[in-house]
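Below: one structure, written as structure tokens.
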Protein chains: 2
Amino acid sequence: MSRCVLGPARAVGTDKEAAMSLRYGLLGLLAEGPASGYDLARRFQEVLGRIWPAQHPKIYAELRRLADDGLIEVDSEGPRRRTAYRITESGVAEIRRWLAEGDVDHTMRLQPLLRSLFFWLMEPDDLDRHLRREVEFYSGMAEQYSAYAERKDRGEFGTAPPVQSMRVTIEAAVRLSQALADWARWASEHQPPAGHPSTE
Amino acid sequence: MSRCVLGPARAVGTDKEAAMSLRYGLLGLLAEGPASGYDLARRFQEVLGRIWPAQHPKIYAELRRLADDGLIEVDSEGPRRRTAYRITESGVAEIRRWLAEGDVDHTMRLQPLLRSLFFWLMEPDDLDRHLRREVEFYSGMAEQYSAYAERKDRGEFGTAPPVQSMRVTIEAAVRLSQALADWARWASEHQPPAGHPSTE
DNA sequence: TGATTACATGTCCCTAGGTACATGTCCTTT
DNA sequence: AAAGGACATGTACCTAGGGACATGTAATCA
């Protein structure tokens, strides 16, 4: 995980492990029940669309690789050129292993962070607009999750496993989004006072 | 921003804009005052180290590119082979423009999300360990920011501009981390009840 | 029945980012 | 004065991911 960061080389073994996020993302969704590439792309889009774009080319490619590795297998060659995959036992074992395994990589993308980091460089009006949008964004995310939970409850996603715990997951997501929205709201109420350094 | 996501092509112009995060990150830090590549790598590491690894090869490369574009210039060819850069006026204008500009790309990395998304697949023990670590992680982040704020107050980072608003920025970061830690704590107290689907 | 549109899967290329490894410089210690 | 290490900057490569573009299939509708 992230070598090459300051200072002389520390003794470490090449990891190769970790990452492969998409691979495990697909595996996890398939653990809920069989689905086709298109289904998966849609599910990703619905649940994570705002924070993670599902790119179908990658999804189809990864599905084939997963099948080659025997972690998933063809469930049905439905009509309309729609191939559904089903997770295999070794697939379930693999994702369990991955979930249990070591550390989470908390690396984030820089771009969203920078706006917050550079509050002090922004014109008050821009900052205001920015924070208002953040509030909207995260509130919207909370709603999106709630909506998904409802659809799930109505059984719209077919033969999912007993979803008691899935509910908790989604409630957690809703709460997280709300926390973020609250934060943005706080920030917008505590904007730095005028007198920020201008271009001089 | 994220094309290639489901459905037929929507009419959009190639962006080219956006991204370039590192570029603007460096520009923003240089707006606080002159610094060398090494300084910048250290600053990144100290403030964002836990969530964004500063990679010096990229930093040095980007600095040269910024200099070529006239957004920064050499401040002093200090001893010890230490070249400090200073932001130019067009540099300040550029980062202001970028900050004011349109939408933030909220794309995140998948890996950290997946663990939360797949709560329901985890063995209770693993989930417990995982959430405990999350709490530690975000609490640690909050402390890291506070520490940075203190050092900043003691003027350890040289000739920063009047830092009134910078303080607010850091307080915001601390609060954000705390919100995340709170969330993780909540989640660990509301773990899904036993009976999760086993391998069958 | 021909056109249009949503569904479904794919190829290909490019860039940002991650990492190993090379190198030079100055200070401290023996 | 030789040696070890923190400081400082770089080269080179490789992979994951982002996005343009191609293609085929079924349903709808004018």
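As the structure is a computational prediction, the values presented were derived from the model and not from experiment. What's counted below: heavy atoms across the whole structure, side chains too, no hydrogens, waters or symmetry copies. Order of the sequence lines fixes the chain letters, A, B, ..., with proteins taken first and strands second; residue numbering starts at 1 for each chain.
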Spacing of [X] atom [atom1] relative to [N] atom [atom2], expressed in whole Å:
X: A:Q45; N: C:dC7; atom1: CD; atom2: C1'; result: 16 Å
X: A:D39; N: C:dA8; atom1: CG; atom2: P; result: 7 Å
X: A:L22; N: D:dA16; atom1: CG; atom2: C1'; result: 10 Å
X: A:R65; N: C:dT11; atom1: CZ; atom2: P; result: 11 Å
X: A:L63; N: C:dA8; atom1: CG; atom2: P; result: 14 Å
X: A:H56; N: C:dC7; atom1: NE2; atom2: C1'; result: 11 Å
X: B:I51; N: C:dG18; atom1: CD1; atom2: P; result: 13 Å
X: B:E62; N: C:dA16; atom1: CD; atom2: C1'; result: 10 Å

Q: Output all residues satisfying side-chain contact (heavy atoms from CB on, under 4.5 Å) with B:A184, sequence neighbours left out; order by chain, then residue number.
A: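 With sequence neighbours excluded, B:A184 shows a side-chain contact (heavy atoms from CB on, under 4.5 Å) to B:E134, B:V135, given in chain and number order.
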
**Q.** Residue A:Y38, side-chain atoms from C-beta onward, closest of C:dG18, C:dC21, C:dA8
**A.**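 So the side chain of A:Y38 is nearest to C:dA8.
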
Q: Answer yes if the side chains of A:E94 and A:Y24 hold a donor-acceptor pair under 3.5 Å, and no otherwise.
A: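 Yes, side-chain donor-acceptor contact under 3.5 Å.
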
Q: Measure centre to centre between the rings of B:Y38 and B:H56, then say whether the value is under 6.0 Å.
A: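 Between B:Y38 and B:H56, the centre distance exceeds or equals 6.0 Å.
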
(Q) Between B:G37 and B:K58, which residue's closest nucleotide on DNA chain D lies nearer the 5′ terminus? (A)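 Looking at the nearest nucleotide for each, B:G37 comes out on the 5' side.
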
(Q) On DNA chain D, does the nearest nucleotide to A:P57 precede the nearest nucleotide to B:S36 from the 5' side, or the other way round? Give the residue. (A)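 It is B:S36 whose nearest nucleotide is closer to the 5' end.
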
At under 4.0 Å, does any side-chain N or O of [X] touch on OP1 or OP2 of [N]?
X: A:Q55; N: D:dG17; result: no
X: A:R64; N: C:dT11; result: yes
X: A:Y60; N: C:dG10; result: no

Q. Parallel, tilted or perpendicular for A:W52 and A:F44, by the 30°/60° rule?
A.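 Aromatic pair A:W52/A:F44 classed tilted.
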
Q: Validate the cation-pi geometry between A:R115 and B:W98: distance from NZ or CZ to the six-membered ring centre under 6.0 Å, angle to the ring axis within 45°.
A: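 Satisfied, under 6.0 Å and within 45°.
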
